[in-house]
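Worth knowing before you read on, the calculation uses all heavy atoms, side chains too, and leaves out hydrogens, waters and symmetry mates. Start at 1 and go down the list; that is how both ligands and their atoms are numbered.
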Amino acid sequence: MAYPIPLVAAGAGEPWPPELVRAPTARSRRLADMCGIVGYVGRAADGKALDVVLEGLARLEYRGYDSAGVALLDGDHVETRKKSGKLANLRADIEAHPLPASATGIGHTRWATHGGPTDENAHPHRGGEDGRLALIHNGIIENFHALKGELLASGVRFTSETDTEVVAHLLAAAYDEVGDLTEAMRGVVSGLAGAFTLLAIHADQPGVVVGARRNSPLVVGLGDGATYLGSDVAAFIGHTRRALELGQDQIVTITPEGATITDFDGTPAQGRAYEVTWDAAAAEKGGYATFMEKEIHDQPHAVRDTLLGRTDSDGRLVLDELRISEEQLRSIERIVVVACGTAAYAGMTAKYAIEHWTRIPVEVALAHEFRYSDPVVGARTLVVSISQSGETMDTLMAVKHARELGAMTISVCNTHGSTIPRESDAVLYTHAGPEIAVASTKAFLAQITACYVLGLYLAQLRGGSYADDAQSVMKELGEVPDKIEALLGRMDRVHEIARFMADTRSVLFLGRHVGYPVAMEGALKLKELAYIHAEGFAAGELKHGPIALIEPGQPVFVVVPSPTSEHGLHGKVVSNIQEIRARGARTLVIAEDGDDDVVPFADEVIRIPATAPLLAPLLAVVPLQVFALWLSTAKGLDVDQPRNLAKSVTVE
Ligand code: M6R
């Protein structure tokens with residue numbers, strides 16, 4: 001059977017020939033929108049809806065930037081405007097053709113794979129013959145195909161290829177029956193499968209926005225005479241810091257006076273109220289040209305704040321946030337870290353430290369691989385998830401699966417009120433502040449820091465030879481922020497190297513031990529920001545194959561361990577540098593201050609301050625982040641919003 005909705009051929013922009021188009025499988029349908037959502041209701045005639053919604057979208061644009069749109073209530077009808085491309089396109093269109101002042105509005109910024117990034121597929125979608133309802137959606141309606149078939153059969157006409165439009169029509173029809181948007185939403189969500197956040201407005205109900213969420217984020221902001229909804233608090237942080245966290249499978253109705261929450265079955269519910277600890281300035285560029293540059297410079301704070309308050313007056317580690325008993329933590333036989341991308345590299349780094357300090361075996365699994373690998377975990381396994389956003393669907397599914405299997409779960413997370421910590425037994429927050437650039441930087445350092453604190457805490461709890469070292473390691477960790485600060489002050493040469501290398505087509509990265517995940521993180525930064533072929537290798541693996549890639553002029557970054565590293569690791573990496581240099585590689589060597597052994601074999605030496613070998617990744621990764629930032633800039637690319645990506649990957 002042919003799939004009735006044209007798919008777009010990747011890269012070509014042309015529809016596939018019909019004979020190649022097949023019905024989507026359940027898994028292919030899982031690819032859908034990952035988006036930013038904003039809702040606003042102010043007092044009648046406050047006229048602020050458009051400004052508030054556009055400001056919120058600007059702060060959420062990192063979540064998706066294929067298209068954007070808004071819907072406003074104007075008297076007795078709904079006005080919508082939507083444009084493909086970045087938010088700037090929508091703004092320009094609105095400037096050319098202004099929208100009416102309104103006190104009720106919703107807005108959406110999209111990352112599309114389901115239905116191309118066109119004006120038609122952009123949200124909001126209208127429902128009902130007269131288009132009196134407007135709806136925006138983040139997530140995926142897995143049964144949309146069947147629902148759409150029924151709607152088509154009953155004569156409904158569709159104007160887009162999205163799953164969302166199905167819900168818009170269903171909701172409009174339900175509203176016509178019950179005459180209340182909250183009731184209508186309740187009736188519709190019970191028939192939807194998949195993960196979704198939905199926000200809707202209806203021309204007959206001014207001063208009301210109704211939202212629903214299942215496995216997809218939505219938070220409420222409480223202002224004075226105004227109420228907000230957002231995919232995260234960044235959407236309304238310019239207006240209020242008072243937030244309400246919603247639970248799973250809940251419906252929220254906002255009016256200027258506040259929010260009413262129920263479960264999908266209508267049972268009244270309470271949101272968890274909290275105060276956002278950062279302010280609007282934290283989500284601004286603060287004088288830097290890009291968020292990424294600013295966030296690289298935030299790193300000393302990210303590490304410092306993540307370490308804050310972790311010790312008592314005797315210098316012993318205390319982790320008050322952990323809601324797992326000490327007895328249970330003592331019983332752990334194995335740790336499995338689940339995460340994706342940069343967060344997984346933070347986990348790989350932490351593995352070396354946690355195993356060293358606790359002697360508990362640690363395995364690091366990519367969350368999407370873990371979930372479907374029939375993993376061996378049980379009551380004595382601690383599953384540690386790492387996620388900046390707390391919304392990564394692959395990681396969330398891994399955590400849920402681990403809990404089903406009886407494991408203890410701890411979330412290392414940067415986002416209060418997000419889903420993964422809520423679905424975990426315990427949480428250890430990183431305090432990096434909002435990370436807006438799609439490429440993760442300060443979250444990486446904060447994640448390593450938090451995992452190290454966890455490792456030291458477990459070592460202290462379980463006794464053993466490293467229990468007494470926890471305090472001295474914490475002291476050394478406490479010195480790292482100043483060292484990062486100093487390092488950031490000497491990045492001029494890295495900036496220059498990046499500019500010289502703007503035309504480079506391939507860069508390799510080598511490291512050993514904790515330097516190995518740093519090498520992979522360096523390669524990931526370059527791939528996602530500069531669209532350059534980049535690979536990170538364990539330096540010891542070189543002669544087992546990758547050395548064949550070395551040809552004259554091939555740039556290779558080498559992360560050199562401290563000369564104080566155990567087992568002669570430093571000397572082995574110096575030998576690796578010689579091996580590739582002998583074959584013509586251009587060597588860019590990251591080495592500790594005072595390490596002169598590398599000088600004869602390095603085309604460039606990038607110096608980092610000396611620190612304990614296990615802590616070196618917190619420094620060694622910084623020049624690699626800076627290199628990727630400036631190479632991308634030299635190529636004229638969008639540093640904060642690289643192509644094809646989105647900040648929070650909220651679909652599997
Ligand atoms: O929000 P999370 O930490 O769960 O995100 C995980 C990855 O998607 C993320 O680290 C991604 O790899 C970054 N864009 C890399 O810079």
Side-chain angles (χ1 to χ4, degrees), residues 34 36 60 62-65 111 216-217 231-232 234 290-293 295-296 299 302 306 337-350 364-371 384-400 411-424 427-430 432-451 517-518 520-531 534 536 621-622 624-629 632 637-652:
M34 304 185 293
L60 294 185
Y62 69 91
R63 299 179 74 95
Y65 32 85
W111 184 87
S216 184
S231 300
D232 66 50
T290 61
F291 279 111
M292 186 183 175
E293 190 184 358
E295 288 160 9
I296 287 174
Q299 295 188 114
T306 301
V337 177
V338 292
C340 301
T342 291
Y345 296 145
M348 282 179 68
T349 310
V364 184
L366 292 170
H368 35 90
E369 287 297 316
F370 171 87
R371 170 61 187 85
V384 178
S385 66
I386 308 177
S387 174
Q388 188 285 131
S389 61
E391 300 294 348
T392 299
M393 186 60 82
D394 292 316
T395 309
L396 174 62
M397 289 303 151
V399 170
K400 285 186 166 186
S411 152
V412 172
C413 184
N414 197 44
T415 310
H416 282 256
S418 58
T419 309
I420 295 172
R422 261 206 321 264
E423 296 288 329
S424 305
V427 57
L428 189 59
Y429 281 112
T430 50
E435 192 179 66
I436 310 290
V438 166
S440 189
T441 53
K442 61 178 178 175
F444 179 65
L445 266 64
Q447 287 160 351
I448 294 174
T449 306
C451 288
V518 171
M520 290 199 286
E521 172 62 3
L524 176 61
K525 289 287 91 87
L526 206 55
K527 285 180 221 184
E528 69 177 334
L529 288 167
Y531 319 151
V621 76
V622 174
L624 301 182
Q625 298 167 336
V626 171
F627 176 72
L629 161 73
S632 167
L637 300 174
D638 188 334
V639 168
D640 286 335
Q641 297 178 344
R643 71 182 179 201
N644 303 339
L645 292 166
K647 183 69 178 164
S648 308
V649 183
T650 53
V651 291
E652 277 190 275

Near [X], which atoms of ligand 1 are under 4.0 Å from a heavy atom of that residue?
| X | answer |
| --- | --- |
| Ser387 | 1 (O), 2 (P), 3 (O), 4 (O) |
| Gln388 | 1 (O), 2 (P), 3 (O), 4 (O) |
| Ala343 | 3 (O), 10 (O) |
| Gly341 | 12 (O) |
| Ser389 | 1 (O), 2 (P), 4 (O) |
| Ala439 | 16 (O) |

Flag [X] as yes when one of its N or O atoms lies below 3.5 Å from any N or O atom of ligand 1, and as no otherwise.
| X | result |
| --- | --- |
| Thr395 | no |
| Ile386 | no |
| Lys647 | no |

Next on the checklist: As a check for students: among Cys340, Ser440, Ala437, Ala628, identify the option with a heavy atom nearest to atom 7 (C) of ligand 1.
Outcome noted: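 The option holding the nearest heavy atom is Cys340.
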
Checklist entry - Among Val438, Thr415, Thr430, Val649, which one has a heavy atom closest to atom 14 (N) of ligand 1? => result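 It is Val438 whose heavy atom sits nearest to atom 14 (N) of ligand 1.
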
So, the side chain of [X] versus the backbone of [Y]: is there a donor-acceptor pair under 3.5 Å, distance only?
| X | Y | answer |
| --- | --- | --- |
| Asp640 | Phe291 | yes |
| Asn414 | Gly390 | no |
| Glu391 | Ser418 | no |
| Lys442 | Pro434 | yes |
| Tyr531 | Arg643 | yes |
| Tyr65 | Leu645 | yes |

Next on the checklist: Using the rule given for side-chain contact (heavy atoms from CB on, under 4.5 Å), can you reason through Met292 versus Leu529, listing the C-alpha separation, both sets of side-chain angles and the distance that settles it, and then say yes or no?
Outcome noted: CA-CA 10 Å; Met292 186 183 175; Leu529 288 167; 3.4 Å; yes

Among all protein heavy atoms, pick the one closest to [atom] and tell me residue, atom and distance.
| atom | result |
| --- | --- |
| atom 16 (O) of ligand 1 | Glu528 OE2, 2.3 Å |
| atom 4 (O) of ligand 1 | Thr392 OG1, 2.4 Å |
| atom 11 (C) of ligand 1 | Thr342 N, 4.2 Å |

Checklist entry - How long is the gap from CG on Leu396 to CZ on Arg422, to the nearest 0.5 Å? => result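 Spacing of CG (Leu396) from CZ (Arg422) equals 9.5 Å.
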
Item to check | Inter-residue atom distance Thr349.OG1 - Leu445.CG, 0.5 Å rounding | outcome: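 Thr349 OG1 to Leu445 CG: 9.5 Å, rounded to 0.5 Å.
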
Checklist entry - Where is the tightest heavy-atom contact between Ala367 and Asp394, given as atom of each residue plus distance? => result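 Ala367 and Asp394 have their closest heavy atoms at CB-O, 3.5 Å.
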
Checklist entry - With backbone taken as N, CA, C and O and side chain as the heavy atoms from C-beta onward, which portion of Lys525 lies under 4.0 Å from ligand 1: side chain, backbone, both, or neither? => result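 Within the 4.0 Å criterion, Lys525 contacts ligand 1 through side-chain atoms alone.
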
